[in-house]
Amino acid sequence: MSRFFATGSDSESEESSSADEITPKATGTPFKQALLLSDDEEDTKRVVRSAKDKRFEELTNIIKTIRNAMKIRDMAKCLEEFEQLCRAFLKSKNIVDKEGIPPFYIRLLADLEDYLNQLWEDKEGKKKMNKNNAKALSTLRQKIRKYNRDYENEIASYKENPQESADEEEEREAGDSGSSSDSDDEGKDEGLSAKSFLKKKPEPSSEASKFLKSAKGSGDESSTSDEDEDVEDWSSDTVDSSSESSDDGEEKSTSLAVVFLKKTQEAEKADKKLGKKRKPKKKERLEEEMEEEAGEEAEGGWEKVKGGAPLVKEKPKMFAKGTEINVPVVVKKLNEILQARGKKGTDRAAQIELLHALAAISNENNLGQGVLVKIKFNIIASLYDYNPNLAAFMKPDMWKKCLDCIEELQTILFEHNNIFIGENIAEDSESLANTDQPFRVRGCILTLVERMDEEFTKIMQNTDPHSQEYVDNLKDEGRVCAIIDRLLNYLENKGSTEEICRIYLRRIMHTYYKFDYKAHRRSLGLQVESKSEHDQEESEGEDSAVIMDRLCKFIYAKDRTDRIRTCAILCHIYHHALHSRWYQARDLMLMSHLQDNIQHADPPVQILYNRTMVQLGICAFRQGMIKDAHNALLDIQSSGRAKELLGQGLLMRNMQERNAEQEKIEKRRQVPFHMHINLELLECVYLVSAMLLEIPYMAAHEFDARRRMISKQFHHQLRVGERQPLLGPPESMREHVVAASKAMKMGDWRTCHSFIINEKMNMKVWDLFPETQRVQEMLVRKIQEESLRTYLFTYSSVYDSISMETLSEMFQLEIPTVHSIISKMIINEELMASLDQPTQTVVMHRTEPTSLQNMALQLAEKLGSLVENNERVFDLKQGVYGGYFNRDQKGGYQQKQSYQRDQKSGYQQNKGGYQRGGYRNQNQRRAAHPV
């Protein structure tokens with residue numbers, strides 16, 4: 001047997017070699033077979049491995065399984081194997097404490113955590129996962145994050161230099177796999193012999209036998225080459241064949257097969273060892289290649305290119321040496337650069353750099369502002385084209401460049417009044433040279449600014465609203481608004497009416513949703529202490545209401561497109577409602593008649609309309625107009641899709657109804673987070689309004705079978721509260737409103753007040769209003785008044801008379817207010833009572849039926865309807881009114897006359913009288929179809 005492929009110790013290798021020598025000398029079959037069996041047993045069973053090797057091999061096998069599962073995204077398998085890996089690592093604790101944490105284990109932990117984070121951020125991929133994989137992903141992510149806390153330092157050092165960590169691990173693996181015995185020297189010798197084994201060519205068998213003899217005679221294993229060992233196996237085989245008799249043919253073939261199979265397996269093991277030994281040299285080879293490439297580039301030789309189709313166009317060189325640089329040459333070079341725009345394989349970043357370089361050359365040679373403006377237009381357009389995907393947003397560096405370029409372009413246009421720009425200027429009629437005539441450049445700066453505004457919206461839509469990055473991006477809105485203001489001033493002098501309306505709308509869209517705190521404080525007569533000059537300038541500037549009024553009225557008068565005017569009206573109403581100007585907002589909404597045809601508008605305008613209606617309802621609530629607030633919020637809240645209708649997110653339950661393309665379109669319509677309306681505040685305002693309307697109505701029509709529901713959502717919340725098996729103290733906003741409703745039903749306004757206005761509700765809802773104190777006072781007043789009405793409806797049958805002074809003390813209302821409420825109830829016939837002015841008491845008329853009488857009336861109504869339905873069913877079965885008599889005027893009964901069936905399958909009387917369905921005039925007679 002070959003010493004190179006031996007897996008045992010030195011003594012084992014000597015025994016195997018001696019066995020190879022003894023085998024051909026054997027004459028007896030049993031003896032030879034026993035030797036072969038013992039040799040095979042030595043190879044398979046007598047392998048001495050340390051506990052460290054066993055444990056680490058177990059860990060590497062599990063890691064390999066985990067990596068295979070990662071490749072196919074089998075999260076359930078990953079989770080199962082990771083738990084098994086943790087258990088195996090715990091078993092290896094003694095060895096790890098002695099040897100240290102193996103690098104391959106740290107590398108897996110780091111790679112697995114990065115892989116899971118990447119999967120977690122891929123929202124599209126998560127949606128496509130099945131339920132088991134998605135659940136396993138969430139569980140495994142939590143476990144790995146918790147598990148990696150114990151190895152933070154090791155993972156950090158690995159991530160700092162992952163290449164060195166990988167090389168160290170490979171060297172260590174190679175060292176471990178190379179050592180087939182306890183001695184390290186033998187492993188090194190075997191590694192060297194493996195290298196020589198691959199490098200040397202096979203030699204003739206005659207020379208091989210010489211090498212074989214010398215190897216046996218010397219006994220020095222370190223000097224023996226792999227080639228000698230290989231030939232030794234084959235030579236021993238030939239000796240076997242020469243010494244055996246013809247009777248042992250079968251045994252001979254068996255021996256050959258055994259030797260051949262062992263040789264194949266051992267050769268594969270040697271190849272694996274060799275591959276592991278060669279891995280550390282890969283880094284050195286790469287460094288040599290890099291040095292060679294650097295030398296070639298320095299000499300101007302070959303250039304390394306990326307793989308793929310050679311579609312990348314060669315970068316156009318700027319100008320040859322000695323070329324006279326003038327306007328036509330620069331324009332020609334500009335057109336050359338622009339010809340590659342939009343073509344496949346064009347490097348967009350390189351294009352932008354070339355255009356910047358061309359602008360610098362134009363400045364250096366003083367070619368005039370006309371050429372510079374034309375180049376700036378193309379630079380901004382190239383920045384917008386950098387992202388070909390419509391849904392993608394600009395990267396931060398490109399966004400900063402875009403803002404800088406637009407500001408530079410505006411500065412040039414403001415400083416040079418002799419530059420005229422417009423989309424209607426043809427390229428042939430452009431005037432770019434330094435002449436006495438004014439510059440004429442083709443381009444529209446309004447379109448560029450509108451696109452910039454859309455890009456800003458996309459950046460805000462695609463940024464995490466709870467991160468610092470969102471706040472940093474939001475700071476750019478000041479620059480965006482400044483650019484819009486500068487363009488507004490420019491177009492007021494040089495733009496058309498249509499362009500002015502478009503830029504006015506852009507300015508309105510950045511103003512309408514912002515609450516003007518400084519104007520609010522000025523209206524309250526409070527002095528605003530401003531520390532900086534900028535704050536002083538802002539406080540002395542125009543109020544947002546004045547700006548909105550001026551811009552919107554210009555659009556109302558001059559705009560010819562319905563969309564811009566509609567958006568301006570809605571923004572104006574929203575701004576009025578936001579600043580509690582209820583009557584102006586309401587009148588503008590009613591005069592515009594937008595509610596009649598808003599369903600024909602495009603989705604962004606419909607979202608703006610929904611936002612405006614919601615803000616209008618909240619404004620009415622702040623002003624104490626409870627019924628108006630409820631009516632304004634009813635459509636949005638009753639749909640159950642307030643989040644989607646306001647453009648503040650997509651509902652998961654409707655994901656099956658839309659495909660991926662529709663989802664992308666709807667995501668582009670979403671409103672940025674800083675413009676959102678608080679949905680909890682909205683729902684609370686709606687439920688409190690419904691409570692103040694519904695509870696008195698329910699008390700007034702408690703026994704009315706035909707009573708209607710004012711708010712279905714409020715009734716749903718009441719039913720949910722009633723189904724609770726155990727009623728504890730309220731926690732959520734809805735539970736607070738339900739508990740307050742139950743208290744109001746009993747006329748207990750103090751308990752109702754404590755549930756609606758408390759620290760938790762203040763923090764969630766009421767503190768979000770600008771005038772918190774005023775809103776809370778209004779709420780207390782409304783709760784007292786509606787509780788009084790509910791109390792009178794509920795307990796009027798108990799009282800003969802009640803003093804208004806008593807009611808005033810019970811509900812802490814002034815006597816005139818109590819008098820006013822009771823008078824309205826009497827006038828509207830809600831309360832059957834009268835007022836006794838001298839004694840200031842309310843005298844009940846006792847016309848309301850008692851609860852027993854109410855139940856008897858309900859029973860009578862239901863029995864009557866039951867009899868009527870029964871007779872109709874009987875009529876359908878019999879076909880005629882058999883046994884049904886009419887009562888005549890004399891008090892007697894008279895049977896109906898004969899009936900005949902008409903052509904329309906109906907029954908009618910010949911001589912008038914009753915027809916099916918009740919009394920009808922003969923001129924209006926028609927056939928009644930069977931139900």
Side-chain angles (χ1 to χ4, degrees), residues 406 410 421-424 444-454 456-457 477 480-516 519 541-616 619 647 669 671-672 675:
I406 292 176
Q410 285 186 329
I421 57 174
E423 288 179 316
N424 53 354
C444 180
I445 189 171
L446 175 59
T447 306
L448 296 180
V449 171
E450 286 180 334
R451 178 71 187 273
M452 173 206 68
D453 195 24
E454 291 168 4
F456 176 71
T457 304
E477 191 182 16
V480 172
C481 291
I483 289 170
I484 291 173
D485 283 335
R486 291 185 72 185
L487 182 60
L488 188 146
N489 295 330
Y490 178 80
L491 291 177
E492 282 177 347
N493 297 325
K494 294 189 175 183
S496 63
T497 306
E498 182 185 354
E499 290 176 333
I500 293 172
C501 289
R502 283 164 62 188
I503 195 63
Y504 274 9
L505 182 62
R506 290 286 165 183
R507 186 68 184 88
I508 288 167
M509 296 298 283
H510 280 278
T511 307
Y512 81 97
Y513 63 90
K514 296 174 183 172
F515 188 81
D516 194 345
E542 283 185 306
D543 288 350
S544 60
V546 178
I547 296 171
M548 288 287 294
D549 197 55
R550 176 170 57 84
L551 300 180
C552 291
K553 284 183 177 177
F554 182 87
I555 292 176
Y556 301 158
K558 305 288 185 182
D559 179 60
R560 296 177 183 176
T561 61
D562 287 337
R563 190 181 187 281
I564 292 179
R565 186 169 62 252
T566 301
C567 290
I569 291 171
L570 291 172
C571 291
H572 203 182
I573 296 168
Y574 191 105
H575 194 264
H576 279 315
L578 189 64
H579 292 83
S580 300
R581 296 188 287 270
W582 157 250
Y583 292 103
Q584 293 95 313
R586 182 199 63 182
D587 295 344
L588 191 55
M589 175 62 81
L590 294 176
M591 287 189 296
S592 64
H593 295 285
L594 289 176
Q595 59 271 25
D596 298 336
N597 52 9
I598 192 65
Q599 66 271 16
H600 302 302
D602 53 340
V605 178
Q606 290 184 5
I607 289 172
L608 181 58
Y609 174 81
N610 293 338
R611 286 166 53 80
T612 304
M613 288 302 298
V614 163
Q615 199 59 245
L616 202 59
C619 174
R669 294 176 187 148
V671 178
M675 298 169 65

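Keep in mind that this is a model prediction, so the values were computed, not measured. Position 1 is the first residue of the sequence; numbering continues from there. Values below: all heavy atoms of this structure, side chains included; hydrogens, waters and symmetry mates excluded.
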Next item on the list: Under the side-chain contact (heavy atoms from CB on, under 4.5 Å) rule, what do D453 and M509 come out as? Steps first, then yes or no, please.
Entry: CA-CA 10 Å; D453 195 24; M509 296 298 283; 5.6 Å; no
Item checked: Nearest non-hydrogen partners of I555 and C501, listed with the distance -> CD1-O, 3.9 Å
Note to self: Tell me the closest heavy-atom pair linking C619 and S580, and the distance in Å.
What the structure shows: SG-CA, 3.8 Å
Check: So with a 6.0 Å cut-off around NZ of K494, is the heavy-atom count from everything else above 12?
Finding: yes
Note to self: If you define the side chain from C-beta out and look only at heavy atoms, does anything of Q595 sit under 4.5 Å from M589?
What the structure shows: yes
Notebook entry, point to check: Which atoms form the tightest heavy-atom contact between M548 and C571, and what is the distance?
Noted result: CE-O, 3.7 Å
Notebook entry, point to check: If we only count heavy atoms from C-beta on, is the T447 to R502 side-chain gap below 4.5 Å?
Noted result: yes
Notebook entry, point to check: Yes or no on side-chain contact (heavy atoms from CB on, under 4.5 Å) for I406 and M452, after CA distance, side-chain angles and deciding distance?
Noted result: CA-CA 9 Å; I406 292 176; M452 173 206 68; 3.8 Å; yes
Margin query: Please find the pair of heavy atoms, one from L505 and one from C567, that lie closest to each other, and give the distance.
Written below: CD1-CB, 3.8 Å
Next item on the list: Please round to the nearest 0.5 Å and tell me the distance separating atom CG of D516 and atom CD1 of I547.
Entry: 8.0 Å
Next item on the list: Mind checking the NE2-CD1 spacing from H572 to I508? Nearest 0.5 Å is all I need.
Entry: 8.5 Å
Check: Is E498 atom CD crowded by more than 12 heavy atoms from other residues, nucleotides or ligands, each under 6.0 Å away?
Finding: no
Check: S592 versus R565: any side-chain heavy-atom pair under 4.5 Å?
Finding: no
Next item on the list: For the residue pair Y504 and K558, establish whether any side-chain heavy-atom pair is separated by less than 4.5 Å.
Entry: no
Item checked: is_close_aromatic(H579, F515), centroid dist under 6.0 Å -> yes
Margin query: Restricting to non-hydrogen atoms, name the atom on A568 and the atom on Y556 that form the minimum distance, rounded to 0.1 Å.
Written below: O-OH, 3.8 Å
Next item on the list: Report the distance from atom CD of E499 to atom SG of C444, rounding to the nearest 0.5 Å.
Entry: 5.5 Å
Check: Looking only at atom types and distance, does a side-chain atom of D543 sit under 3.5 Å from a main-chain N or O of A519, one as donor and one as acceptor?
Finding: no
Checklist line | Heavy-atom side-chain contact between L616 and W582 under 4.5 Å | finding: yes
Margin query: With rounding to the nearest 0.5 angstrom, report the CZ to NZ distance, R550 to K553.
Written below: 12.0 Å
Next item on the list: Flag the pair E492 / L488 as yes when at least one side-chain heavy-atom distance between them is below 4.5 Å, and no otherwise.
Entry: yes
Next item on the list: Show the numbers, then the answer: is there a side-chain contact (heavy atoms from CB on, under 4.5 Å) between V605 and L570?
Entry: CA-CA 9 Å; V605 178; L570 291 172; 4.2 Å; yes
Check: Do the non-hydrogen side-chain atoms of L594 and T612 ever get within less than 4.5 Å of each other?
Finding: no
Check: Does the side chain of I484 reach to within under 4.5 Å of the side chain of V480, using non-hydrogen atoms?
Finding: yes
Next item on the list: Kindly say whether M675 contributes a backbone atom to a donor-acceptor pair with the side chain of R611 at under 3.5 angstrom?
Entry: yes
Check: Between the side chains of H575 and R581, is a donor N or O closer than 3.5 angstrom to an acceptor N or O?
Finding: yes
Checklist line | CD-NE2 distance between E477 and H510, expressed to the nearest 0.5 angstrom | finding: 6.0 Å
Next item on the list: Measure the spacing between CD of Q584 and CG of D549 and express it to the nearest 0.5 Å.
Entry: 10.0 Å
Next item on the list: Kindly give the heavy-atom pair with the smallest separation between A577 and A585, and that separation in Å.
Entry: N-CB, 4.0 Å
